[in-house]
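In this text the structure is predicted, and so the values were computed from the model without any measurement. In what follows, every chain begins at residue 1, and chains take the letters A, B, ... in the order their sequences are listed.
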Amino acid sequence: MNFDRISRRTLLGGTAAVALAGTLPARIARAADFTVGFIYVGSRDDYGYNQAHAQGAAAVKKMAGVKVTEEENVPETDAVEKTMESMINLDGSTLLFPTSFGYFDPHILRLAPKYPNVRFEHAAGLWVPAMPKNIGSYFGYIDEAQYVNGIVAGRMTKTNKLGFVAAKPIPQVLRNINAFTLAAISVNPKITTQVIFTGDWSMPVKEAEATQSIVNAGADVITMHVDGPKTVVETASRRGAFVCGYHCNQAALAPNNYLTGAEWDWEDLYPKFVTMAMKGETIPNFYRGGYKEGLVKSSPYGAMVPDAVRKEADAAKGALMSGDFVIYKGGLKDNKGNTVIPAGAGLVQTDIKLESMGYLVEGVIGSTS
Amino acid sequence: MADASSLGFWVVPIAVLGGAVRVSTPFLFVSLGECLTERSGRINLGLEGTLVMSAMVGYGVSYLSGSPWLGVLAAGITGAILGGVHAVICGLQRVNDIAVGIALMLFGIGLAFYLGKPLIQPKANILPAIDFGWWSTIPQLHDALKINVLFLIGVVLAPALVWALKSTRWGLILRTAGESADAARAMGYSVNRIRLRATMTGGFLAGVGGSFLSLYYPGNWNEGLSSGQGITAVALVIFARWNPMLCFWTSLLFGGAAALGPALQSVQITWGYHLFGAAPYFLTLAIMIITCSPKRTLVGAPAELSITK
């Protein structure tokens, strides 16, 4: 036999057929279960971004007839494609939640056409109609919850200085900084927010140093946007500053200093998506929402937050919940004095322009470059 | 609280001072440990793994026993064991110490992540600080002068090591093994045994450095904790020309540099924070280039080191 004549395609096809035959009985045995895969970029219990998603996965696990597979610490490289393929081919997953931002382009975009029967649901990605129909991108307007943080922070500060430890100046982060500051100014026009960028999503020593610097500059309420807020929460509370949390509830880390926090509510969303997929309904390709849609929530107030402040924050939450409250009002100025939103042209939460925000509003001390 | 803004630009030097003291300790211990190991003629690149592994063990022991000092001890012992593994493997015929070091680095990190899973959530007791700033009414300065005992031990350890290497019999034997293994053998010493002890001691010190990360600053266990500090510290030893006292000063320099970026941002110098983060590396490169010469080996380098042979 002339082995040169066997093309690579034939060989692959043959190998695949053998492999498929091997997995067939297992597949049938498992057919009763609907398998969902979750992929995290870091550790599942990081008190942060990944934990929020893992809590959503835990809610899915409780559903009848659903099997959940999870993998942690998957880097945003080709490794995630291998993980997704093994979840599809070996575990028989038909719905995947690759949760990290960098998984979207190019990895999900590359795999989706190859597996048209698998649904890829990605957090924070921006799906456009030219992309495959089996991709969905969902995200929450967590700046609404940072707005509520800002109300509490603006009322609780004694020095009129707030601090924000941020990873990188990208639109989602800037949006949180701006919403936090605008809310604080709305209850206390004298405040400023000092922002410090650490340069990356998870840099514990830098985050600790940034927190120290902000406290040294006089700030007494700190919030953050990094992947694992644990270090910032602990460092700030050791320095005696109040903290507003992010991603999930960090009250346990600083019970005497934790005011409230902006949390994701994936526990609410993921079971909804899984139910839709099991019934054969189509999940919208582009899904966004805030308090109203149940995608974000606030941590319970700490004991040190007085009733009057709670009421004020609850009122802001109520206004956001009703859906007609505008955070980014017309006539908004950035911290360089330029008008970034023309008077009378306020941007509602769903406005896609907000997803490419590139400025810091008046009252923020810091720079995007 | 005094008005912070009245300090003006002074916030920066105070922050750099505080940062130098807070951030430098792991650099200091790892580089002192590596300095010892390298003076005996071997490179242990696995100290990044040692740092992460012992940070995890230290945190775990502190959590389970309630005593952070027991955690420091356990972290040191973990480091010594990993150092011992490195030394034993490198003692075999025709084994490359750099390759073993890289393998141990990956092993240490992987094992720490695996065993450390249940330790991410719990809160362990952390090490206390000594308040040297009680006299100051400036809160920033007061806080910068809260100093951990481990840092003070490091301060004493660096000159002690200089003295020990120079003036004790033990130091002489160690240096002999590092400069000429043949000479040490001719004198009747087992080179492998000397290097085993040096690597284990080096590992112990690196382990103590790891416990500082998880038990004092930043003071928790998470998987991004070290972010390459172990490797940086190994490079620091070359920068410091294998001199423990210079290890101390360069550690302070790297620690202070880590505080510089955030501190400058807090006084509204917002450009180039990535650049300030990279400042110590530029400095290292510059000094390397200025001091290198094709005519001789690196000044102070032990002759038996595989990088200079």
Point to revise | side-chain contact (heavy atoms from CB on, under 4.5 Å) assessment of B:Asp143 paired with A:Val215 | key: CA-CA 10 Å; B:Asp143 199 78; A:Val215 176; over 6 Å; no
Point to revise | Test item: A:Glu209 side-chain N/O and B:Ala259 main-chain N/O as donor-acceptor pair under 3.5 Å | key: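 It does not hold such a pair.
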Check your understanding: Quick one: does B:Gln265's side chain have a donor or acceptor within less than 3.5 Å of a partner on A:Phe197's backbone?
Key ->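 Side chain of B:Gln265 to backbone of A:Phe197, a donor-acceptor pair under 3.5 Å: yes, one is there.
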**Study point:** Proximity breakdown for B:Ile126 and chain A, heavy-atom pairs closer than 4.5 Å
**Key:**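 Contact with chain A is through the side chain of B:Ile126 alone.
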Check your understanding: Where does B:Lys117 contact chain A at under 4.5 Å (heavy atoms): side chain, backbone, both or neither?
Key ->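 Both backbone and side chain.
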**Study point:** Student check: side-chain heavy atoms of A:Leu253 and B:Asn220 closer than 4.5 Å
**Key:**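 No, their side chains stay 4.5 Å or more apart.
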Practice item. For the residue pair A:Asp46 and B:Asn222, establish whether any side-chain heavy-atom pair is separated by less than 4.5 Å. Key: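 Side chain of A:Asp46 against side chain of B:Asn222, heavy atoms only: no contact under 4.5 Å found.
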Atom pair [atom1]/[atom2] of [X] and [Y] - distance to nearest 0.5 Å:
| X | Y | atom1 | atom2 | result |
| --- | --- | --- | --- | --- |
| A:Gln212 | B:Tyr217 | CD | OH | 4.0 Å |
| B:Tyr114 | A:Asn73 | OH | CG | 13.5 Å |
| A:Glu72 | B:Phe113 | CD | CZ | 11.0 Å |

**Study point:** Between B:Gly261, B:Ala15, B:Pro218, the one whose heavy-atom pairs under 4.5 Å with chain A are most numerous
**Key:**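 So the answer, after comparing B:Gly261, B:Ala15, B:Pro218, is B:Pro218.
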Check your understanding: For A:Val195, is it the side chain, the backbone, both or neither that has a heavy atom under 4.5 Å from a heavy atom of chain B?
Key ->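 Interface part for A:Val195: backbone (N, CA, C, O).
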Check your understanding: Given a strict heavy-atom distance threshold of 4.5 Å, which part of A:Arg238 is in contact with chain B: side chain, backbone, both, or neither?
Key ->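 Side chain only.
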Review point. At their closest point, which heavy atom of A:Ala217 faces which heavy atom of B:Ser266, and how far apart are they?
Key: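 In this case the closest contact between A:Ala217 and B:Ser266 is CB-CB, 4.1 Å.
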**Study point:** Heavy-atom pair of closest approach, residues A:Ile196 and B:Pro262
**Key:**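 Nearest heavy atoms, A:Ile196 then B:Pro262: CD1-O, 3.3 Å.
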Check your understanding: Distance only, no hydrogens: is a donor on one side chain within 3.5 Å (strictly under) of an acceptor on the other, for B:Gln121 and A:Gln51?
Key ->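 A donor-acceptor contact under 3.5 Å links the two side chains.
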